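These notes concern the structure reproduced below.
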2 protein chains.
Amino acid sequence: MVTIDLDTKVKFLHGLSHKTRNQILECIKDREKTVSEIVTDMKASQSNISQHLSCLKDCGLIVGRQEGKYIYYSLRNQQVRDLLSMIDIVLADVQNDIASCKNFVQGGDC
Amino acid sequence: MVTIDLDTKVKFLHGLSHKTRNQILECIKDREKTVSEIVTDMKASQSNISQHLSCLKDCGLIVGRQEGKYIYYSLRNQQVRDLLSMIDIVLADVQNDIASCKNFVQGGDC
DNA sequence: CACACATATTCGTTTTTGCTAATATGATAG
DNA sequence: CTATCATATTAGCAAAAACGAATATGTGTG
């Protein structure tokens, strides 16, 4: 049994709960990339990506490493990588149920 | 390697990314509970809890079961339970780094 | 030092989320 | 069938998140 600060946990999970951020994580899952590479891979503005990278970093999901004028971002560690995989596995399981939900997009309280 | 619809995944994770919803999950982790029980356990209004339960249900994290005039909520399945545990384990690992983050609360873009 | 390139930050706006209070639905008991 | 208890839904408002555009910082190069 592990004890975790709830606020910390929520912040961490917040990092995962956005489409663009998820794509970024997927994008750098296998190897570190510079911001420009990520911007190219994704279809978003440099400013937007930079903001999400900042969020992901603050949430503890990724780390940045400077090398010359580039900054390379990658997943924080192997555990984060494992967690992302596990989430995918669990989700494959419950996917159908979730997909049939309606309230999420319109309903303002979710 | 598992393929998952990104929107589905984000929706699922969205369910986890709120303090109250996390507390609800924790609260019903070991056994199913009625809404009233949950409301009593947590410090929030019935309406508020009901809305979060609705969200959690839509996100695929919990299921409800009617019995008489009560509705019992519980985690969807063992995998969800396992996932919550795994998240705690990974978090224990990166907790300190995350805790030292400043931008999250004030910064509007994260 | 000035210029170019890579990345971060700020500002203003729009959209989404969360909350409370009030009301509605639904089930059971009498 | 109506009164009561359990739960859900709606409406309106306040707060937070997301975004684009513009600007700032920082790093290497000539």
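All of these numbers come straight from a predicted model, not from anything done at the bench. Here is the naming used below: chain letters follow the sequence lines, and residue numbers restart at 1 for every chain.
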Between C1' of D:dA8 and CD1 of B:Ile71, the distance in whole Å: 8 Å
Nearest-neighbour nucleotide for the A:Arg21 side chain, D:dA18, C:dG18, C:dA8 considered: D:dA18
Side-chain (A:Arg21) to main-chain (A:His14) donor-acceptor, under 3.5 angstrom: yes
Rounded distance (Å) that lies between atom C1' of C:dG26 and atom CZ of B:Arg65: 17 Å
Short side-chain to backbone donor-acceptor contact, A:Thr40 and A:Ser36, under 3.5 Å: yes
Proximity to the side chain of A:Asn48 - top-ranked nucleotide from D:dG20, D:dA6, C:dG18: D:dG20
Any B:His52 side-chain nitrogen or oxygen under 4.0 Å from OP1 or OP2 of C:dC19: yes
Using a cutoff of under 3.5 Å, can you pull out all pairs of nitrogen or oxygen atoms linking the protein to nucleotides 21-27 of chain D, with atom names and distances?
unit_1	atom_1	unit_2	atom_2	d
D:dA21	N6	A:Ser47	OG	2.8

In one Ile/Leu/Val/Met/Phe/Trp/Tyr side-chain cluster, 4.5 Å: A:Tyr72, A:Leu53: no
N/O (side chain, A:Tyr73) to phosphate O (OP1/OP2, C:dA6) under 4.0 Å: no
Nucleotide C:dG18, atom P - distance to CD1 of B:Ile49 in whole Å: 13 Å
Whole angstrom value for the distance that separates C1' of D:dA18 from CE of A:Met42: 14 Å
Sugar-phosphate, base or nothing in reach of B:Tyr72, heavy atoms under 4.0 Å: nothing
Between P of D:dG28 and CD of A:Glu67, the distance in whole Å: 10 Å
Polar side chain donor-acceptor pair, A:Asp82 to A:Gln78, under 3.5 angstrom: yes
Check: A:Gln66 side chain, A:Gly68 main-chain N or O, donor-acceptor pair, under 3.5 Å: yes
Nucleotide D:dA18, atom P - distance to CD of A:Gln23 in whole Å: 14 Å
Length of the line joining A:Glu32:CD and C:dA6:P, which is rounded to integer Å: 17 Å
B:Asn22 side chain vs B:Leu25 backbone, donor-acceptor pair below 3.5 Å: no
Per B:Ser36 side chain, nearest of listed nucleotides C:dT7, D:dT7, C:dG18: D:dT7
Donor-acceptor contact present, side-chain A:Lys57 to main-chain A:Gly64, <3.5 Å: no
Length of the line joining B:Tyr70:OH and D:dT7:P, which is rounded to integer Å: 7 Å
B:His18, nearest nucleotide to its side chain (from D:dA17, C:dC19, D:dT7): C:dC19
